[in-house]
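Below: one structure, written as structure tokens.
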Amino acid sequence: MIESELRNSTTEEVVAELRRRSSFVMVSHVKPDGDTLGAGLALGIALRRMGKRVAYFQQDPVPRNLRFLPDTEFVARELPADLPPDTLFVFCDMSDYSRAGEFLPKIEREHMLDIDHHLGNSHFGAFNYVIPSECSTGTTVMHLLRGLGVEVDKAIATCILTTIMTDTGGFMHSNTSPEVLELSAELMRLGADKEQITEEIFANKRVAATRLLGRIVDEMQFAHDGRYCWSHVDDAMLAQTGADGEDTEDIVNTLRGQEGVEVAALFKAYDGEIRVSLRSNGRVNVQAAAATLGGGGHFRASGLTYVGSLDDAFAAVDRALVAQGL
Ligand code: AMP
Ligand code: MN
Ligand code: MN
């Protein structure tokens, strides 16, 4: 890869490109969360207000707890048949385009815009707007909305505040800077309903999800003098509790929250694959550990997909974490 391809585009360059194009497809990552979806919806709504044509591509369905977001009814797993040749594909919240899933047809690099805040983003687009110091991809999008001079209304404010609350864990993670709190206050004044977002994202748990939490907690294991906690969920545990994959999303944070635990891992072995979620209290870099196994993410929150047996996954992740100082 040549040096210039790794270069970030400036806000002005991205804004000019957004103005130049007439048609957009906002792309979310597989197993979507409030950041990938909220960021895409916020920018998509703004572009539609500017008279642009906007479609949404997401391989997996909109999770139950994100259906309150505006315009989610337009999110589809197919591309419209009649896309104009100047269509720009806007990838939100993914360190590589492969995170969009295998259903997305191949897209030429010149038609890709990569908006993200992950460490180790591969700068896969012709335009890359990657700011790892941002707490969410949504707050990264905010710079573009300001550059475009778009009025941030209730719908857009709700999407952006959802990205913040998702990626800061409800203002609890270390990425909750004073600036993030100030922006959140501004978004609330613009009409974003923090109570509704809290309720949808952090409450409203299905009973089956809480029963699954109980099963996963039952299976917790500890190593490295109690600094590492891990557990797993498999097809049988989902079947026994009536829960599904969406119900597993934030359980790894419960494991990390145990006394003395610095790093937690949840091994999600269902639907024919093993996905691993890693969380750190900030001493061990779990992004670096995940990256050695083909995954990625952030210093304190990362993930990977492991090909092999569950026992091999346990051993490989343990080794990768020890290599990072666990
Ligand atoms: P999760 O544990 O699924 O909530 O993911 C935590 C973080 O790791 C998020 O920022 C994800 O984007 C990232 N991540 C999860 N799985 C992968 C993967 N297979 N490859 C790259 N990044 C990932
Ligand atoms: Mn995400
Ligand atoms: Mn994110």
Side-chain angles (χ1 to χ4, degrees), residues 26-43 58-60 62-63 65-66 69 91-102 114-122 124 129-142 159-169 173 175-176 180 201-202 216 230-233 245-256 263-271 273-280 285-307 313 316-317 320:
M26 317 305 296
V27 184
S28 307
H29 63 65
V30 291
K31 313 279 179 199
D33 55 30
D35 190 24
T36 189
L37 189 55
L41 289 167
L43 186 55
Q58 184 175 279
Q59 178 160 320
D60 293 328
V62 176
N65 67 351
L66 294 174
L69 288 172
F91 293 76
C92 288
D93 196 45
M94 50 194 112
S95 43
D96 191 69
Y97 69 89
S98 59
R99 295 271 296 139
E102 66 274 19
D114 157 26
I115 307 177
D116 189 29
H117 68 134
H118 286 94
L119 293 171
N121 180 292
S122 67
F124 55 88
Y129 197 65
V130 182
I131 312 179
S133 59
E134 289 293 338
C135 77
S136 70
T137 299
T139 60
T140 313
V141 162
M142 262 316 281
C159 292
I160 303 282
L161 189 58
T162 297
T163 74
I164 295 173
M165 293 184 63
T166 299
D167 276 22
T168 63
H173 301 334
N175 54 358
T176 312
V180 166
I201 295 184
F202 301 107
I216 292 173
W230 78 97
S231 188
H232 75 281
V233 45
E246 280 179 34
D247 297 318
T248 67
E249 285 311 314
D250 60 357
I251 291 178
V252 66
N253 296 312
T254 300
L255 307 184
R256 219 300 289 154
V263 177
L266 180 62
F267 294 78
K268 303 171 182 177
Y270 52 79
D271 292 346
E273 57 182 11
I274 303 177
R275 291 190 307 126
V276 187
S277 288
L278 297 172
R279 297 292 184 273
S280 166
N285 181 350
V286 292
Q287 185 271 338
T292 63
L293 296 168
H298 309 279
F299 196 102
R300 294 172 182 237
S302 69
L304 61 107
T305 300
Y306 188 85
V307 181
V317 168

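Whatever order the structure lists ligands and atoms in, that order sets their numbers, starting from 1.
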Margin query: Donor-acceptor pair, distance only, cut-off 3.5 Å: does the side chain of D60 make one with the backbone of V30?
Written below: no
Note to self: Considering both backbone and side-chain atoms of V276, is one of its nitrogen or oxygen atoms within less than 3.5 Å of a nitrogen or oxygen in ligand 1?
What the structure shows: no
Notebook entry, point to check: Crowded around Y97 OH? As in, over 12 foreign heavy atoms under 6.0 Å?
Noted result: no
Check: Among protein heavy atoms, which lies nearest atom 19 (N) of ligand 1, and at what distance?
Finding: L304 CA, 3.6 Å
Note to self: At under 4.0 Å between heavy atoms, is it the side chain or the backbone of H118 that contacts ligand 1, or both, or neither?
What the structure shows: side chain
Check: Where is the nearest protein heavy atom to atom 18 (C) of ligand 1: which residue, which atom, and how far?
Finding: G303 O, 3.6 Å
Item checked: Any donor-acceptor N/O pair, T36 side chain to D33 backbone, under 3.5 Å -> no
Note to self: Is it true that N175 and H298 share a donor-acceptor pair across their side chains at a distance under 3.5 Å?
What the structure shows: no
Next item on the list: Considering just N/O/S atoms, say which atom of H29 is closest to the Mn ion (ligand 2).
Entry: NE2
Item checked: Residue part near ligand 1, for H298, under 4.0 Å between non-hydrogen atoms -> side chain
Next item on the list: Go around the Mn ion (ligand 3) and count every protein N, O or S atom nearer than 2.8 Å.
Entry: 4
Margin query: Determine whether T162 and L41 satisfy the following criterion, side-chain contact (heavy atoms from CB on, under 4.5 Å), listing intermediate values before the conclusion.
Written below: CA-CA 11 Å; T162 297; L41 289 167; over 6 Å; no
Note to self: Is it the case that the side chain of T137 and the backbone of D116 share a donor-acceptor pair, with hydrogens and angles ignored and the cut-off at 3.5 Å?
What the structure shows: no
Output a table of donor-acceptor pairs, distance under 3.5 Å, between side-chain atoms of residues 286-296 and any protein atom two or more places apart or on a different chain; print 'none' if there are none.
| from | atom 1 | to | atom 2 | distance (Å) |
| --- | --- | --- | --- | --- |
| T292 | OG1 | A289 | O | 2.7 |

Note to self: Test of understanding: given a 4.0 Å heavy-atom threshold, classify the contact between T305 and ligand 1 as side chain, backbone, both, or neither.
What the structure shows: both
Checklist line | Nearest option to atom 20 (N) of ligand 1, as decided by whichever heavy atom of S98, G295, A301 sits closest | finding: G295
Note to self: So is R99 touching ligand 1 or not, going by heavy atoms under 4.0 Å?
What the structure shows: yes
Notebook entry, point to check: Is the closest side-chain donor-acceptor distance between D96 and S122 under 3.5 Å?
Noted result: yes
Check: So which heavy atom on M94 is nearest to which on V27, and how close?
Finding: CE-O, 3.3 Å
Check: Would the F91 and F124 ring centres measure less than 6.0 Å apart?
Finding: yes
Item checked: Nearest protein heavy atom with distance in Å, relative to atom 2 (O) of ligand 1 -> S277 OG, 2.7 Å
Checklist line | Non-hydrogen atoms of T163 and T139 that approach each other most closely | finding: OG1-N, 4.0 Å
Notebook entry, point to check: atom 4 (O) of ligand 1: which protein heavy atom is closest, and how many Å away?
Noted result: R279 NH2, 2.9 Å
Notebook entry, point to check: Counting only heavy atoms, which portion of H29 has something under 4.0 Å from ligand 1: side chain, backbone, both, or neither?
Noted result: neither
Check: So H117 and D93, side-chain hydrogen bond (donor to acceptor under 3.5 Å, both in side chains) or not? Walk me through it.
Finding: CA-CA 7 Å; H117 68 134; D93 196 45; 3.2 Å; yes
Margin query: What protein heavy atom lies closest to atom 13 (C) of ligand 1? Include the residue and the distance to one decimal.
Written below: G296 O, 3.4 Å
Next item on the list: Report yes if some N/O of K268 lies less than 3.5 Å from some N/O of ligand 1; otherwise report no.
Entry: no
Next item on the list: Without swapping roles, check the side chain of D35 against the backbone of S136 for a donor-acceptor pair under 3.5 Å.
Entry: no
